[in-house]
Amino acid sequence: MLLWTRKYIYFFFLMSIVPVILYDVVGLKWLYLPWLPIGLIGTSLAFITGFKNNASYERLWEARKIYGGIVNTSRLLATMVNDFITNEFVRVERTDKEFFNIKKVIIMRHIAWMTSLRYALRIKKPWETLVGSKSGKEHMKTIVVKEHELTLQEELHGYLNEDEKEFVLSMTNKQAACLNMQSKHFKELKLEGLIDDFRHIEFNNIIGELFTLQGKVERIKNFPYPRQFATLNLFFIWIFMILLPFGMMHEFHEIALNLGNHENRCFMNRLIVENFVWMTVPISVVISWVFMLMEKVGDVSENPFEGTRNDVPITTISRGIEIDIREIIGDDKNVIPKPHPNYGDTEM
């Protein structure tokens, strides 16, 4: 946190020491403001900042719940693919190998959908925190985001055949294209007698649920936290931090005067009393840092798919889903990818 906000700390120190020098060294004793209105501003600002952080956390937690829904729906899809596609209604029976190939095509296409969705969520938006700030860009240099290292075309290799991959890459909404192909495939399975009408309906319900989950994460990604709340809160914080030392230094000066009225004080006590106004500097820096830190925490929580350390770990979650659903259909463990090194932890 200190490393992330160090530039702000330097500025807060400069911003608080200048008024104290003018007040105590230059002798401009009139250069102060009453503490009561500044305290009222700080109190109201604490409520506004709390409101913003709660709303930002709600966006982050909703995104995590949606991806939890993707986990559950993906496992259900794999289970249905494993159990619903049979020789029960066909005229020409398929072998176990043929069935496995059909199941794997569906599962790999589902992984292609998750991959396309990941890449859509990693697209940088102009309002996102780390796009425009220097501290954000500096922070991102320490993080490896897989979606920024490889292209979608490279990632889709092995999940779709060449015709399907070319079709998906030609579409604007590539994840929707994957689901459309999946729906057409289920229709073909029904016509071939590999699934009956009831199972076809159930598969379509799964497609509908995946479209719903996709739409929810796209809503969070494409609609920012309202700028009027975020911008005004930042302006109010800066106003409060600028006014803060002007109100505090007179209060500390009054405390020093009251303490100085007592007799029989040693030299060290008198020295502390005479320079007590300089306590404005560290106290102002700490208070300003706390308010700015809370503002920055709210900022980085607004957009849960940017790729920061505290975002929803969609890359890790997607890899975990891939492992689960490929194991469900009995895929070769030697070709199933391994979990990411930080599987189970927050990742980029």
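Values below: all heavy atoms of this structure, side chains included; hydrogens, waters and symmetry mates excluded. Here, residue 1 is the first one in the sequence, and each next residue gets the next number.
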Point to revise | Min side-chain heavy-atom separation F99-I329 under 4.5 Å | key: no
Point to revise | E155 bridged to K146 by N-O distance under 4.0 Å | key: yes
Review point. What's the verdict on side chain to side chain contact (heavy atoms under 4.5 Å, CB included) for N204 and K190, showing C-alpha distance, side-chain angles and the deciding distance?
Key: CA-CA 11 Å; N204 279 339; K190 175 182 174 296; over 6 Å; no
Practice item. Give a yes or no on this: more than 12 heavy atoms of other residues, nucleotides or ligands lie within 6.0 Å of atom CD of E98. Key: yes
Exercise for review: For the pair T43 (side chain) and G39 (backbone), establish whether a donor and an acceptor sit closer than 3.5 Å, ignoring hydrogens and angles.
Suggested key: yes
Point to revise | Stepwise side chain to side chain contact (heavy atoms under 4.5 Å, CB included) check, M248 with I287 | key: CA-CA 11 Å; M248 293 190 68; I287 295 176; 4.1 Å; yes
**Study point:** Non-hydrogen atoms of R64 and V312 that approach each other most closely
**Key:** N-CG2, 3.9 Å
Exercise for review: Provide the closest heavy-atom pair for M15 versus P19 in the form atom of the first, atom of the second, distance.
Suggested key: O-CD, 3.1 Å
**Study point:** Heavy-atom side-chain proximity of E306 to V145 below 4.5 angstrom
**Key:** no
Check your understanding: Parallel under 30°, tilted from 30 to 60°, perpendicular over 60°: which one fits the rings of F291 and F240?
Key -> tilted
Point to revise | Which atom of E295 lies closest to which atom of I237, heavy atoms considered | key: CB-CD1, 3.5 Å
Study note, to complete from the structure: Closest heavy-atom pair, V285 versus S16, reported as atoms and distance to 0.1 Å, is CG2-OG, 3.7 Å
Check your understanding: Once you round to the nearest 0.5 Å, how far does CG of D196 lie from CD1 of I201?
Key -> 8.5 Å
Check your understanding: Are there more than 12 heavy atoms of other residues, nucleotides or ligands under 6.0 Å from atom NZ of K187?
Key -> no
Check your understanding: Is the backbone N or O of T308 less than 3.5 Å from a side-chain atom of D311, with the two atoms forming a donor-acceptor pair by type?
Key -> yes
**Study point:** Exceeds 12 heavy-atom contacts within 6.0 angstrom, atom CZ of F100
**Key:** yes
Check your understanding: Rounded to the nearest 0.5 Å, how far apart are OG1 of T86 and CD1 of I195?
Key -> 10.0 Å
Check your understanding: Any side-chain heavy-atom pair from R326 and M108 closer than 4.5 angstrom?
Key -> yes
Check your understanding: Heavy atoms, side chains only, cut-off 4.5 Å: are N222 and K125 in contact?
Key -> yes
Review point. With distance as the sole test, does N82 use its side chain to make a donor-acceptor pair with the main-chain N or O of A78 at under 3.5 Å?
Key: no
**Study point:** Pairwise distance CD1(I314) to OG1(T115) - rounded to 0.5 angstrom
**Key:** 10.5 Å
Review point. Is the backbone N or O of K338 less than 3.5 Å from a side-chain atom of R319, with the two atoms forming a donor-acceptor pair by type?
Key: yes
Review point. R122 side chain to E147 main-chain N or O, any donor-acceptor pair under 3.5 Å?
Key: no
Check your understanding: Is there a donor-acceptor pair closer than 3.5 Å between any side-chain N or O of R59 and the backbone N or O of I220?
Key -> yes
Check your understanding: What do the steps show when you test W35 against L244 for side chain to side chain contact (heavy atoms under 4.5 Å, CB included), and what is the final call?
Key -> CA-CA 8 Å; W35 174 250; L244 184 63; 3.6 Å; yes
Check your understanding: Looking only at atom types and distance, does a side-chain atom of S56 sit under 3.5 Å from a main-chain N or O of G298, one as donor and one as acceptor?
Key -> yes
Review point. Pick one: which of T315, L152, I317 meets side chain to side chain contact (heavy atoms under 4.5 Å, CB included) with R118?
Key: T315
Check your understanding: Take atom CG in D83; do more than 12 heavy atoms of anything else shown fall under 6.0 Å from it?
Key -> yes
Point to revise | Side-chain donor/acceptor of K174 to backbone N/O of M171, under 3.5 Å | key: yes
Exercise for review: Using atom types as modelled and distance alone, determine if a side-chain donor or acceptor of N53 lies under 3.5 Å from a backbone N or O of M294.
Suggested key: yes
Review point. If you draw a 6.0 Å radius around CH2 in W61, do more than 12 non-hydrogen atoms from other residues or ligands fall strictly inside?
Key: no
Practice item. Check the surroundings of atom CZ in F89: do more than 12 heavy atoms from other residues, nucleotides or ligands lie under 6.0 Å from it? Key: yes
**Study point:** Trace of the side chain to side chain contact (heavy atoms under 4.5 Å, CB included) decision for K52 with D299
**Key:** CA-CA 9 Å; K52 176 190 174 182; D299 278 345; 2.6 Å; yes
Point to revise | Between CD1 on residue I207 and CZ on residue F186, distance to nearest 0.5 Å | key: 5.0 Å
Exercise for review: Evaluate the side-chain proximity of I325 to I111: yes if any heavy-atom separation is below 4.5 Å, no if none is.
Suggested key: yes
Check your understanding: How about F167 and E164: do any of their side-chain heavy atoms sit closer than 4.5 Å?
Key -> no
Revision key, fill the gap. Separation between CD (Q182) and CD1 (I206), nearest 0.5 Å, reads 11.0 Å
Check your understanding: If Ile, Leu, Val, Met, Phe, Trp and Tyr residues are connected whenever their side-chain heavy atoms lie under 4.5 Å apart, and connections chain through other members, are F246 and L36 in the same group?
Key -> no
Practice item. Give the cluster check for F223 versus L213: same hydrophobic cluster or not, with ILVMFWY residues linked at side-chain heavy-atom distances below 4.5 Å. Key: no
Review point. With hydrophobic residues grouped by side-chain heavy-atom distances under 4.5 Å, do L191 and I102 end up in a single group?
Key: no
Point to revise | F305 to A63 - nearest heavy-atom pair and separation | key: CZ-CB, 3.5 Å
Check your understanding: Any chain of hydrophobic side-chain contacts (each under 4.5 Å) joining F12 to V18?
Key -> yes
**Study point:** Salt-bridge criterion met for D331 and K103 (N-O under 4.0 Å)
**Key:** no
Review point. What distance do C178 atom SG and L117 atom CG have between them, rounded to the nearest 0.5 Å?
Key: 10.0 Å
Check your understanding: Within a strict 4.5 Å, meaning less than it, do heavy atoms of the I41 and F236 side chains meet?
Key -> no
Review point. Within the distance-only criterion (no hydrogens, no angle test), does the side chain of K221 pair as donor or acceptor with the backbone N or O of I123 below 3.5 angstrom?
Key: yes
Check your understanding: Considering all heavy atoms of both residues, which atom of L31 and which atom of Y23 are nearest to each other, and what is their separation?
Key -> O-CD1, 3.7 Å
Point to revise | Side chains of F203 and V81 in contact at under 4.5 Å (non-hydrogen atoms) | key: yes
Review point. Does atom OH of Y32 have more than 12 heavy-atom neighbours, drawn from other residues, nucleotides or ligands, at distances under 6.0 Å?
Key: no
**Study point:** Residue E327 excluded, over 12 heavy atoms near CD under 6.0 Å
**Key:** yes
Review point. Charged N to carboxylate O under 4.0 angstrom, E162 versus K165?
Key: yes
**Study point:** Path from I328 to I323 over hydrophobic side-chain contacts below 4.5 Å
**Key:** no
